[in-house]
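Read through the structure below, which is laid out as structure tokens, and then see the notes.
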Amino acid sequence: MSSDKQATWGGRFSGGPDKLMLRFSESVSFDSQLAPYDVECSKAHAAMLVRVGILTTEEGEAIHAGLDSVLKDIREGRFEWDIALEDVHMNIEQALTAKTPAAAKLHTARSRNDQVATDMRLFFKDACQALVMDGIWKVQGALLDLADGARDIAIPGYTHLQRAQPVSVAHHLLAYIEMFARDEKRLLQAWGSANVCPLGSGAIAGTTLPIDREFVAKELGFIDAEGNPRVTANSMDAVSDRDVFIEFANACAICGVHISRLAEDIILWNSTEFGFINLPDSFTTGSSLMPQKKNPDSMELLRGKSARLQGNLQTLLTLVKGLPLTYNRDLQEDKPPVFDSFEQLSLSLEVLAGTLSGAGMNSEACAKAVADPLLLATDLADYLVRKGVPFRDAHHVVGELVALAEDKQVPLNELGDPDVSKIHEALSADWREVFSLDKAFASRERPGMPGPSQISLQINRWREMLKD
Ligand code: ARG
């Protein structure tokens, strides 16, 4: 069974492809979202062809107007995508053909191989910018507000999910702001990698026609900080390079891991066992069976979505690893994973910001948890160090005190002075003063530590960075 539709490459073929093959090989169902970029590229390409004398001015104008009207049809939902025309590029070209005979000249000196590479680079530039400005900055802002409001609330910090040392809620949340700042950096790096124009590389070996690649690059905004055009340096690399896809998916996957870790912390904090945080009704759900439940579904889904973002990265690495140069049709499969990472990460960042904005800390539960004197066992060892005891010995002494307290079933700071001084003579009358949270925080005022002045410094620094 073969279709009566003939694709634009049909010259050498006597029959069209099987209907099954059309369904199998089309990409328009997902690459149609590249339409605005494809039109932009075609306009720049046509303008260049006019400039070098391959098209007349009239032909250039007809193509320009025709492309605008095709895009308008697409935007207004009038456009009929046809899988027999395979992809967004051929659908648009075909539609243009119906509007102007000059359309037959548009594909001069270009191939879909350099065309799709260029469209995607434009997509990545927008996607990176949107993820940073509409996603990461909003999440950082919500974290900062929560941190600012909770700067006086202390909680236990955990290692191995065991109570370790006291930290402030603000310090804990600021840790995530740092992680998201690194995500921003990675996305901006991907933006930079995308900012090189492949158009003019042709199918593999450029063209014999006298094109002006720098002009096209400038038209499309592929320029460096000085405004100089950036064009790819090797046509074979340009049509088969998918590094920026991988870099983008990697940046999304790592950001997803950060979101997932934050989600996990919040899920723990939201449990009855911790009770540190209250989540807004608007981002939680109930159980269809158990009437008492208020589940942190938004956080659980965020944790789940991160698996998907990692999968997309893995898909791309595997897709590219065994391909000989240059373009191979396998590469058509490069788009769904990056589109998915973009959509899911954008959504995830929005949901995270929304949930955090409606969340509030439960100061009573936090105070109760952080009152555990064992959290200051290390500070007691430091106290002994200050009295001249070598740290290894001090560590051992405090270990003995902890064991004794356990034995006597009393809190560490309620051991009797005689018992304590029997273990080490350096534990003099003032040893209990260690067990003050205010003191513990006030002694942690060096860079990166959770002392109150350091926290203020960091909150102010981020306020300044995130303003507007
Ligand atoms: N639909 C193709 C893709 O997404 C466009 C490039 C096709 N090039 C080719 N020579 N078949 O990769």
Side-chain angles (χ1 to χ4, degrees), residues 3 5-13 16-42 45 67 70 74 79-97 103 106-124 127 194 197-207 216 220 232 235-246 248-249 312 315-343:
S3 157
K5 276 275 181 188
Q6 286 274 325
T8 49
W9 37 257
R12 124 185 245 302
F13 290 77
D18 192 281
K19 281 208 174 83
L20 177 61
M21 180 56 186
L22 290 181
R23 205 151 55 79
F24 183 61
S25 67
E26 64 86 23
S27 59
V28 70
S29 55
F30 51 86
D31 67 19
S32 58
Q33 66 177 283
L34 292 175
Y37 303 118
D38 202 65
V39 164
E40 196 184 338
C41 281
S42 288
H45 183 68
L67 285 168
V70 170
I74 294 171
F79 195 89
E80 278 184 35
W81 298 104
D82 185 354
I83 63 160
L85 294 168
E86 188 182 312
D87 55 26
V88 62
H89 323 290
M90 299 221 276
N91 267 272
I92 290 178
E93 194 184 322
Q94 187 78 14
L96 185 66
T97 306
L106 176 62
H107 213 54
T108 309
R110 101 177 161 182
S111 150
R112 278 181 297 152
N113 296 353
D114 58 350
Q115 196 178 350
V116 72
T118 311
D119 288 4
M120 285 304 291
R121 281 166 185 266
L122 291 174
F123 161 79
F124 284 123
C197 187
L199 209 61
S201 301
I204 167 170
T207 173
V216 176
L220 292 174
T232 50
S235 63
M236 293 181 76
D237 179 39
V239 293
S240 64
D241 170 24
R242 293 298 182 269
D243 288 2
V244 66
F245 288 64
I246 294 168
F248 177 79
N312 289 337
T315 299
L316 290 164
L317 288 166
T318 311
L319 178 70
V320 177
K321 83 172 262 296
L323 293 184
L325 289 186
T326 52
Y327 179 85
N328 297 272
R329 190 64 183 279
D330 318 40
L331 290 175
Q332 181 167 294
E333 291 292 320
D334 62 3
K335 283 168 279 302
V338 287
F339 290 159
D340 186 63
S341 287
F342 175 54
E343 276 158 32

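Atoms within each ligand, like the ligands themselves, are counted from 1 in listed order.
Of all atoms in ligand 1, listed by their number and element, those nearer than 4.0 Å to a heavy atom of E86 are 1 (N), 2 (C). Applying the 4.0 Å criterion to heavy atoms of D87 picks out, from ligand 1, the atoms 1 (N), 2 (C), 5 (C). The atoms of ligand 1 that sit less than 4.0 Å from any heavy atom of K335 are 3 (C), 4 (O), 12 (O). In summary, the atoms of ligand 1 found under 4.0 Å from a heavy atom of Q332, numbered by their order in the structure, are 1 (N), 2 (C), 3 (C), 4 (O), 12 (O).
Checking only distances, S27 does come within under 3.5 Å of ligand 1, N or O to N or O.
Among all non-hydrogen protein atoms, the one lying nearest atom 11 (N) of ligand 1 is R112 NH2, 3.5 Å. From the protein, the heavy atom lying nearest to atom 6 (C) of ligand 1 is Y327 OH, 3.5 Å. Atom 10 (N) of ligand 1 has N113 OD1, 3.2 Å as its closest protein atom, hydrogens excluded (heavy atom only).
Between F124 and F342, the ring center distance fails the sub-6.0 Å criterion.
The residue from L34, N312, D334 that alone fulfils the side chain to side chain contact (heavy atoms under 4.5 Å, CB included) condition with F339 is L34. Tested against H45, the residues H107, R110, E40 include a single side chain to side chain contact (heavy atoms under 4.5 Å, CB included) partner, R110.
In terms of heavy-atom proximity, S25 sits nearest to E86 at O-CG, 3.9 Å.
For the atom pair R23 CZ and D18 CG, the distance stands at 10.0 Å (nearest 0.5 Å).
Within the 3.5 Å criterion, the main-chain N or O of S111 finds a donor-acceptor partner in the side chain of D114. In this structure, D31 contributes its side chain and D87 its backbone to no donor-acceptor pair below 3.5 Å.
By the 4.0 Å heavy-atom criterion, Q115 is excluded from the residues contacting ligand 1.
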